[in-house]
Each structure stands twice: as C-alpha cells, then as structure tokens.
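Below, read A as the first sequence line, B as the second, and so on, with proteins coming before strands; counting in each chain starts at 1.
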There are 2 protein chains.
Amino acid sequence: MESDVSANSRLTIAAHALTWIGLYQRRGHEVATSEQIATSVNTNPVVIRRLLGELRKAGLADSRRGAGAGWILARDLAAITLLDIYQAIEPGPVFALHRATPNPECVVGHGIGPAMTAVYDGVEVALRGELAKTTLKDVLRDILQAA
Amino acid sequence: MESDVSANSRLTIAAHALTWIGLYQRRGHEVATSEQIATSVNTNPVVIRRLLGELRKAGLADSRRGAGAGWILARDLAAITLLDIYQAIEPGPVFALHRATPNPECVVGHGIGPAMTAVYDGVEVALRGELAKTTLKDVLRDILQAA
DNA sequence: TGTCATTGTAACGACTACTGTTACGACTGG
DNA sequence: CCAGTCGTAACAGTAGTCGTTACAATGACA
C-alpha cells in the first residue's frame, strides 16, 4: 500500500502500462489485455482500462474489441514522451491561484494573481521541458539495462 | 467560487499572506492579524493561522500572542523565495510511484520504479529551480508596478 | 489584577480526486 | 452462437483541502 504523501501516481501507471505493451509487442505478441497489464502493475484491470482510455483519446494507444481483443500502441515507444502522457492524463496545472477571488480593493489582493501566474507559467514550462526529455524507449532501455 | 481543476492553491495563499505582511510592515505597522490578512485573501482567519503556523516552523514568519498580537516576517521579503515557501508547506513530491508494489517478477514491474525515479528527480530539481528564482520582494514589486 | 483581543488548535462537515471493486452491456473473432 | 474482452457506470474507501465553530492560552494594558 502507501508510502507516499499524496501525489499523483497516474503518470507512473500510464508509463508502466504503455512500456509493458511495447515490450510485449516487441516480443511478437499482437495485443495486450488489461488483465495482463494489471498483473504487472498490481492493480485492477478496470484501472488500466480507464487510464488507457484517456491515452487512446490522446492518440497514444488503441484498442480492439471482441474476442481476442486488447491494447496496442498507436505510436512507437520512441515517439512517446512522458510529456505526451502527462498532457493526456493530467487535467490541470500543478499550482492554482485562489479558490475565491481575493479582495480587489487591496493592492496585494488585486495584483497577486498576475504576479503568481507569471511564475507558475515558468514552472509549467520547466516541468514540461523535463518530461519531454524522456521517451518510453528511454524508459524501457533503462529497465532492461538494470535487469 | 472556484474555477480550478484541483490543484494546490496553498503556495498562492502563503505567498499572498507573507507579501501582505511585508507591505503592511513597510507602511509602518508592527504586526498584522490573521483577520486582516484573511480579509485580503478572502478566506477564514483560521486558514491563515494554520498556514502561517507552518511558515513559522520553517522560520519564515513569527507571531506574538496576547492582546495586540499578530504576525510579523522572520526575514526580509528579499530573503524569502517561493521555493522557501514551497518547501515549508508542500509535504511531498509532485509525482509518486505506484501505491502498491508492482509485480517484481515482471521485468517492467521490477525496473520501472528506478527509471521513473530518475526522471522525477529531474523534474523536482527543475521545479525547485524555477521557484527559487523569485523572491517575495520580486512579487511585491510586480504587484506595485501593475497597480 | 482584571479585561479582552488575538493566537493555537481541535473538531466537524463539505467538497474533490483517485483507487479498487463489482456489474453488465457492447462488441467481434472464430 | 459463444466466449472473451473492452467500455463504462456505480459505489465505497481513502485522503487532502477548505471553511467554520468553539474554546483554551497568552499577554499588553488599563
């Protein structure tokens, strides 16, 4: 169970699932089932299907239905960055402004929004730049090298 | 009310509170009450006291009790970066690994943890670097310039 | 010494997000 | 037709944040 302090593991799970599909395909298989992926991730198949559904909308994965169905990559592992996955599954920014509008008659309340927005934009750019550096091919390479 | 998709507004509120105290002190006042700060932030005084309590533990603010009590800065605005605040109030990293340990008998399940950790470490460094660029003096300057 | 404004903190309900699970309809290869 | 898998709804459990009420503790000041 736990160990974390409350952060998002969705990016980890999504990268795990796609990398698993990629390795499975590289070994000659056609499709991977959510059941198989869930066994590797150690979770429920529905969790995998939900997540891969979002990745399909983003054009990173695809699925077949009916008998002998399952999941395939929509792109090569080398053409999928962690940024692609992040954008597919993370709806909003890391930091947010106030929930309730601060007092506009106060100088600070009036100007803090734009000031923080500028900083947060820079943070997002830096974060995305870091995630864009790594492709799933890189991730798989690291995994196989460590084995 | 809202508008956000579920992100942390704690850094925004904390920066708002400290900046407000700094401007208030610059205008000649001794201490700022949580009531006054809450009016500018548009929230409840207890929310401010809770947050400033964490900032006090980190050595960024200080408080006086009793009658005529309130809050003061423990450092000059120029000596407080957004990274200082972030570290004082954000308990964990942005991204987390799996909640449940993935299947260690699977190559991917075994190696994905270290591989993603390396990436996440880079993300944290980039994020912290961005936040360290801005001091509350910068924030206040932007606020006053825009007014 | 007494008053009283303010902090410190516990407690609670409301809201949101993610996770795990069950259930079942939709689809399709054989 | 049938069996296997996806697609998705529904629900409970966990966790974090926020707003709110309540009240004890503190300490400046009259």
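In this entry the distance linking CZ of A/R56 with C1' of D/dT5 reads 13 Å, nearest Å. Atom P of nucleotide C/dT7 and atom CG of B/L52 are separated by 9 Å, given to the nearest angstrom. Rounded to an integer number of Å, the gap from CZ of A/R50 to C1' of C/dT22 is 12 Å. Computed from coordinates, the B/N8 CG to D/dG16 C1' distance equals 9 Å when rounded to whole Å. Protein atom CD1 of B/I48 is 15 Å distant from nucleotide atom P of D/dT17, rounded to whole Å. Straight-line distance from the CG atom of A/N44 to the C1' atom of D/dT8: 13 Å, rounded to whole Å. Following rounding to the nearest Å, B/I21 (CD1) and C/dT7 (C1') show an atom-to-atom distance of 13 Å. When the P atom of D/dT17 is taken as reference, atom CG of B/L51 falls 10 Å away, rounded to whole Å.
At a threshold of 4.0 angstrom between heavy atoms, the contacts of A/G53 with the nucleic acid are absent.
Taking both residues in full, the closest heavy atoms of A/A79 and A/D84 are given as O-OD2, 3.7 Å, listed atom of the first, atom of the second, then distance.
Here ring pair (Phe, Tyr, Trp, His ring centres under 6.0 Å) pairs that include residues 32-87 of chain B, with residues two or more places apart or in two chains, are A/F95-B/Y86.
In this structure, B/S9 does not reach the D/dT17 phosphate: none of its side-chain N or O atoms is under 4.0 Å from OP1 or OP2.
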Under 3.5 Å, which donor-acceptor pairs do the side chains of residues 48-56 of chain A form with other protein atoms, sequence neighbours left out?
from: A/R49; atom 1: NH1; to: A/S34; atom 2: OG; distance (Å): 3.2
from: A/E54; atom 1: OE2; to: A/R10; atom 2: NH2; distance (Å): 2.7
from: A/R56; atom 1: NH1; to: A/S63; atom 2: OG; distance (Å): 2.7

N/O donor-acceptor pairs under 3.5 Å from side chains in residues 119-127 of chain B, not counting sequence neighbours:
from: B/Y120; atom 1: OH; to: A/T12; atom 2: N; distance (Å): 3.3
from: B/Y120; atom 1: OH; to: A/T12; atom 2: OG1; distance (Å): 2.8
from: B/E124; atom 1: OE2; to: B/V94; atom 2: N; distance (Å): 2.9

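A parallel orientation is assigned to the rings of A/H29 and A/Y24, their planes being inclined by less than 30° (bins at 30° and 60°).
Non-hydrogen atoms lying under 4.0 Å from DNA chain C are contributed by A/T43, all within residues 23-43 of chain A.
Neither A/I85 nor A/V47 shares a network with the other; the hydrophobic side chains, linked directly or stepwise wherever heavy atoms of I, L, V, M, F, W or Y lie under 4.5 Å apart, form separate groups for each.
In this structure, OG1 on A/T81 lies 8.5 Å from CG on A/L60, to the nearest 0.5 angstrom.
B/V31 belongs to a hydrophobic cluster with B/I72, counting contacts under 4.5 Å between side-chain heavy atoms of Ile, Leu, Val, Met, Phe, Trp and Tyr, direct or through other members.
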Legend entry - Reading 5' to 3' through nucleotides 22-30 of chain D, protein heavy-atom contacts under 4.0 Å coded B for base, S for sugar-phosphate only, - for none: B--BBBB--
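Nearest nucleotide to the A/V47 side chain, out of D/dG19, C/dT7, C/dT19: C/dT19.
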